[in-house]
Amino acid sequence: MIMNNLFSNTKVLEKALDASILRNEVIANNIANVDTPDFKRKAVKFEEMLRNVVNTSGGENGNVDSIEPEVYTDLANLSYRSDGNNVDIDTEMADMAKNTMKYNVLISQMNSRFRDLKTVMKSSY
Amino acid sequence: MSFFSSMDVSSSGLTAQRLRMDLISQNIANADTTRTEEGTPYRRKTLTFEEKKRSFSDVFNSKMRSIVGNAQDDSNEDSGESIGAGVKVGKIVEDQSPFKKVYDPGNPEADSDGYVSMPNVDIVQEMVNMISASRTYEANVTSMNTSKSMAMKALEIGRG
């Protein structure tokens, strides 16, 4: 019981980290395919799903486990260039920078949770 | 999906752009080559890019994982489409546009009217493509470094 509660607070962070890693891979794939004709950029849907779960079940005790980050094709009908590709390299680089910052924030959040646990576990003399 | 697959994706981009760069160098080096093994002037070479799909084992593993995951916490349907595995070079093709005719009667390759067929390489076009390839290469390097820094950061969990 107590162990469940002890580590349950990192669940959302874990899911968010997974989504962040997946998003990094998707962006890397978009950048690699910046010159591929008819390639359409892909994106990851996660925050929206997390918000829904938190809103319906309330707080971090919600059914966070059931969230699976979803990869989808973005703006499939938009051809940004004459070769049918819709990857904008500047947007991708900006997204990648954003994603890395978010990832770093999540890691430091995770660290601070563990630091809290360590503090509690220390004996008091 | 693993931590290093995003680095594989970036490296496929690096490989493809480097090959493109090799072809551009070849085109520039042969901009004045009037005779090749086939006996014709040099033809400009170019390549096509294709999206690389995931291998069978990758798709199989992720499907299995999602099925097992669903059985445990009866979550919703399998999540969307899969990500590609980067980019690959489809094929290397020769530009079939006509050769340039240059009037140079003193040239040993000149025909009876004094015209020489020169390769269909446009130096300016090659230079522009070279800049484009180099920038895309840099973008892939940045993406690779970002993936690396994320992987290193993950090792810090629980340390601080």
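Lettering of chains follows the sequences in order, A, B, ..., and the numbering in each one begins at 1. Side chains are part of it too, since the values below use all heavy atoms of this structure and drop only hydrogens, waters and symmetry mates.
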Practice prompt. Examine whether an atom of T136(B) lies under 4.5 Å from a heavy atom of chain A, and if so say whether it belongs to the side chain, the backbone or both; otherwise answer neither.
Written response: side chain
Worksheet item: Heavy-atom count around R81(A) CZ within 6.0 Å, excluding the residue itself: above 12?
Response: yes
Discussion item. Under 4.5 Å from any heavy atom of chain B, what part of S112(A) do you find: side chain, backbone, both or neither?
Written reply: neither
Practice prompt. Please flag which part of R20(B) lies under 4.5 Å from any non-hydrogen atom of chain A: side chain, backbone, both or neither.
Written response: side chain
Discussion item. Take a 6.0 Å sphere around NZ of K45(B) and say whether it holds more than 12 heavy atoms from other residues, nucleotides or ligands.
Written reply: yes
Discussion item. For the CG atom of N29(A) and the OG atom of S6(B), what is their distance to the nearest 0.5 Å?
Written reply: 10.5 Å
Item to complete: Report yes or no: does K153(B) contribute a side-chain atom to a donor-acceptor pair with the main-chain N or O of S108(A) at less than 3.5 Å?
Response: no
Worksheet item: What is the distance from atom CG of N104(A) to atom CE of M150(B), rounded to the nearest 0.5 Å?
Response: 8.0 Å
Discussion item. Do V34(A) and I27(A) land in one hydrophobic cluster if side-chain heavy atoms of ILVMFWY residues count as linked below 4.5 Å?
Written reply: yes
Practice prompt. Please name the pair of heavy atoms, one in M110(A) and one in I157(B), separated by the smallest distance, quoted to 0.1 Å.
Written response: CG-CG2, 3.7 Å
Practice prompt. Is it possible for you to say whether M101(A) and L106(A) belong to one hydrophobic cluster, with membership spreading through side-chain heavy-atom contacts below 4.5 Å?
Written response: no
Item to complete: Group every Ile, Leu, Val, Met, Phe, Trp and Tyr by side-chain heavy-atom contacts under 4.5 Å, then state whether I89(A) and M96(A) land in the same group.
Response: yes
Fill in: Proximal component of L17(A), with respect to chain B [non-hydrogen, under 4.5 Å]
side chain
Discussion item. For a quick test of reading the model, state the closest non-hydrogen atom pair linking N33(A) to G86(B) and the distance between them.
Written reply: ND2-O, 3.2 Å
Discussion item. Can you confirm whether E48(A) is buried at CD, in the sense that more than 12 heavy atoms of other residues, nucleotides or ligands lie under 6.0 Å from that atom?
Written reply: no
Worksheet item: Side-chain heavy atoms under 4.5 angstrom apart, residues restricted to Ile, Leu, Val, Met, Phe, Trp, Tyr: same cluster for V44(A) and V9(B)?
Response: no
Practice prompt. Would you indicate whether F99(B), at its atom CZ, is surrounded by more than 12 heavy atoms from other residues, nucleotides or ligands within a distance under 6.0 Å?
Written response: yes
Fill in: Closest contact, heavy atoms only, E156(B) versus N111(A)
O-OD1, 3.1 Å
Worksheet item: So do the side chains of D38(A) and E51(B) get within less than 4.5 Å of each other, counting heavy atoms only?
Response: no
Worksheet, complete the sentence: chain B shares the most heavy-atom pairs under 4.5 Å, among I107(A), D35(A), V26(A), I31(A), with D35(A)
Worksheet, complete the sentence: Heavy atoms of Y103(A) and A154(B) approach each other most closely as OH-CB, 3.3 Å
Fill in: L23(B) with V128(B), same ILVMFWY side-chain cluster at under 4.5 Å
no
Discussion item. Looking at chain A, which one of S10(B), A151(B), A139(B) has the largest number of heavy-atom pairs inside 4.5 Å, strictly under?
Written reply: A139(B)
Discussion item. Tell me the closest heavy-atom pair linking A32(A) and S12(B), and the distance in Å.
Written reply: CB-OG, 4.4 Å
